Number of protein chains: 2
Amino acid sequence: MEKQVFKEFLKKKGLKFTKERAVILKEVFSYHGHFDPDELLTKMRKKGLRVSKASIYRTLPLLLESGLIEEVEKIDKHAHYEHTFGHGHHDHMICMKCGKVIELFSDALEGLQEELCKKENFKGIRHVLEIRGYCKKCIGDRKIDIEGRHDRVHPTIFHR
Amino acid sequence: MEKQVFKEFLKKKGLKFTKERAVILKEVFSYHGHFDPDELLTKMRKKGLRVSKASIYRTLPLLLESGLIEEVEKIDKHAHYEHTFGHGHHDHMICMKCGKVIELFSDALEGLQEELCKKENFKGIRHVLEIRGYCKKCIGDRKIDIEGRHDRVHPTIFHR
DNA sequence: ATTGCAACTGAGAATTAGTCTCAATTTTAA
DNA sequence: TTAAAATTGAGACTAATTCTCAGTTGCAAT
Ligand SMILES: [Mn+2]
Ligand SMILES: [Mn+2]
Ligand SMILES: [Zn+2]
Ligand SMILES: [Zn+2]
C-alpha cells in the first residue's frame, strides 16, 4: 500500500512521515487522472484539509522520487502529475487542438527503450514520452491546417 | 537552408521576416547543443546583437512551430531547445547524477510510435522522449544508491 | 515517559520564467 | 511611394515555484 511505501522511503532518507505528508499522499491517491500542485492545494482547502502551499511543493518531489507518482504533460507552464502506484506506468498522446489526452502503453515500446539503454550502458530509471498531434475528432475539423502545421504549439485546454 | 524555410513559414502565416527574427535564427543555428532563452539572450548581448527579451520569447515558438527547432529537457523550470534542421530529430537520455545528455535515435522506436498513433487514430506531429537514469560513469560511482533510487530527481548540472 | 535535536511547518517575501502593454518603428504588398 | 498590419523594446505584470525563518513536531535514545 502506498502509505507503507512512502514511509519506508522517507525513513531510508532520514526524513519524517508527518501528518501533512500523510494527508497529501492520501489526497493524491484519491484522484483518478492528472493533477497539478495548485489544483491539489485548492481541492484540499475546499475539503478543509489544511496544508500550506510550501508543503505541497515540498512533498510532490518526494512522491516523485519514491516512484509513487510521475510527471506528465510538461507543456504548460506548470507541472502535472499523476499517481502510478498500482496503476502502472504509461505514456501520453496530447491533441494540440482540443487538449485531449490519450494514455498509451506498449510493451514493445518499453522493451525497445531498455534495449537502447543497454546499448549506451545507461541505466534507465524512468522516462516520459509525449506525442503531440491531433486526435481523430480534430483531424476531421481542420484538415488543411494540420497538413500545413499551422496550429498553436501550446493548446489552450489542458486538464481533464 | 533554414533562412528560406523560416521565411516561407512566416509568409504562409502572414508574418514578417524582420531583422530581429533573422538575427535570432542565425544565433540559434550557430549553436551545437541545447540552449535556453535566457542563455540565448545573454550570448547575443555579449556579441552586441540587440534584441529584446520579448522578441526572443516571441520568436522561439515560431521557430518551434516551423519545425526548425525542438524542445528538449523538459525538467528544469525553464524551456530548453536545440535546432534540428539539418540534423534530424533525436531523443535523449539524461543522467540524474552528472547531467550528461546522450542523444539517441532509433528507426524502430520512431516506427513503433507511428504504429501506436495509427492504432488510436491520432495524427502524431512531434514527440519528446526523455529517459532518465544513470550513465555508465555514474553507475560505477554509486551502485548502492542507484538500486535504492535515492537520487535527486532534478540534477544540478544540465547544460552542455 | 521524557528529552533533544534534526526535520518540518506555515506565512509570506522573493525569485524566476515568461507574458503583456503600448507608443514608436518596420515590413511588405499594392 | 504609401499605408495598413505586424513588430519592436522597455518595463510593468503574472504565474509558478522556491526560500526564509521562527515556532512545531516526529522519533530515537535515554
Ligand atoms: Mn496519464
Ligand atoms: Mn539533443
Ligand atoms: Zn483533439
Ligand atoms: Zn552521469
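The chains referred to below are lettered A, B, ... by the order of the sequence lines, with proteins before strands, and numbering in each begins at 1. Here the structure is a predicted model, which is why all the values come from computation and not from measurement.
Each end of the helix from C:dA1-D:dT30 to C:dA30-D:dT1 yields a helix axis from five base pairs, and these two axes differ in direction by 50° (to the nearest 10 degrees).
The pair A:Lys13-A:Glu65 counts as a salt bridge, with a side-chain nitrogen and a carboxylate oxygen less than 4.0 angstrom apart. Under 4.0 Å is where a charged nitrogen must lie from a carboxylate oxygen, and between A:Glu27 and A:Lys47 at least one such pair does. Using a cut-off of 4.0 Å between Lys/Arg side-chain N and Asp/Glu carboxylate O, B:Lys26 and B:Glu2 are scored as not salt-bridged.
For the pair A:Leu49 CG and C:dG10 C1', the computed distance is 16 Å after rounding to whole Å. Rounded to whole angstrom, the span from the CD atom of A:Glu39 across to the C1' atom of D:dA16 amounts to 14 Å. The distance between atom CD1 of A:Ile56 and atom P of D:dC19, rounded to the nearest whole Å, is 17 Å. Counting to the nearest Å, the C1' atom of C:dT9 and the CE atom of A:Met44 are 14 Å from each other. For the pair A:Lys7 NZ and D:dG26 P, the interatomic distance rounds to 12 Å; values are reported in whole Å. The separation between B:Arg50 atom CZ and D:dG9 atom P is 10 Å, rounded to whole Å. Computed from coordinates, the B:Lys19 NZ to D:dT7 P distance equals 15 Å when rounded to whole Å. Atom CG in B:Leu15 sits about 5 Å away from atom P in D:dT7, given to the nearest Å.
The nearest heavy atom of DNA chain D to A:Ala54 and to B:Ala54 marks one nucleotide each, and the one closer to the 5' end goes with B:Ala54. DNA chain C is contacted by both B:Phe17 and A:Thr59; A:Thr59 maps to the nucleotide lying nearer its 5′ end (nearest heavy atom per residue).
Remark: B:Tyr57 is not in phosphate contact with C:dT19, judged by side-chain N or O atoms under 4.0 Å from OP1 or OP2. Contact annotation: A:Thr18 side-chain N/O to C:dT9 OP1/OP2 distance is under 4.0 Å.
Using a 4.5 Å heavy-atom threshold, the side chains of A:Thr84 and A:His89 count as separate. Residues B:Tyr134 and A:Phe122 have side chains not in contact (no heavy-atom distance under 4.5 Å, counting atoms from C-beta outward).
Among the atoms of the strands shown, base atoms are found under 4.0 Å from some heavy atom of A:Lys53. Within 4.0 Å of A:Arg58, counting heavy atoms only, lies at least one base atom of the nucleic acid.
When hydrophobic clusters are built by joining Ile, Leu, Val, Met, Phe, Trp and Tyr residues whose side-chain heavy atoms come closer than 4.5 Å, directly or via intermediates, A:Met93 is not grouped with B:Val128.
Residues A:His90 and A:Glu103 bring a donor and an acceptor atom of their side chains to less than 3.5 Å of each other.
In the set C:dG18, D:dA16, D:dG9, C:dG18 carries the atom at the smallest distance from any side-chain atom of B:Ala79. Looking at the side chain of B:Ser55, the nearest of the listed nucleotides D:dG9, C:dT9, C:dG10 is D:dG9.
One can find a donor-acceptor pair under 3.5 Å joining the base of C:dA6 and the side-chain atoms of A:Lys16.
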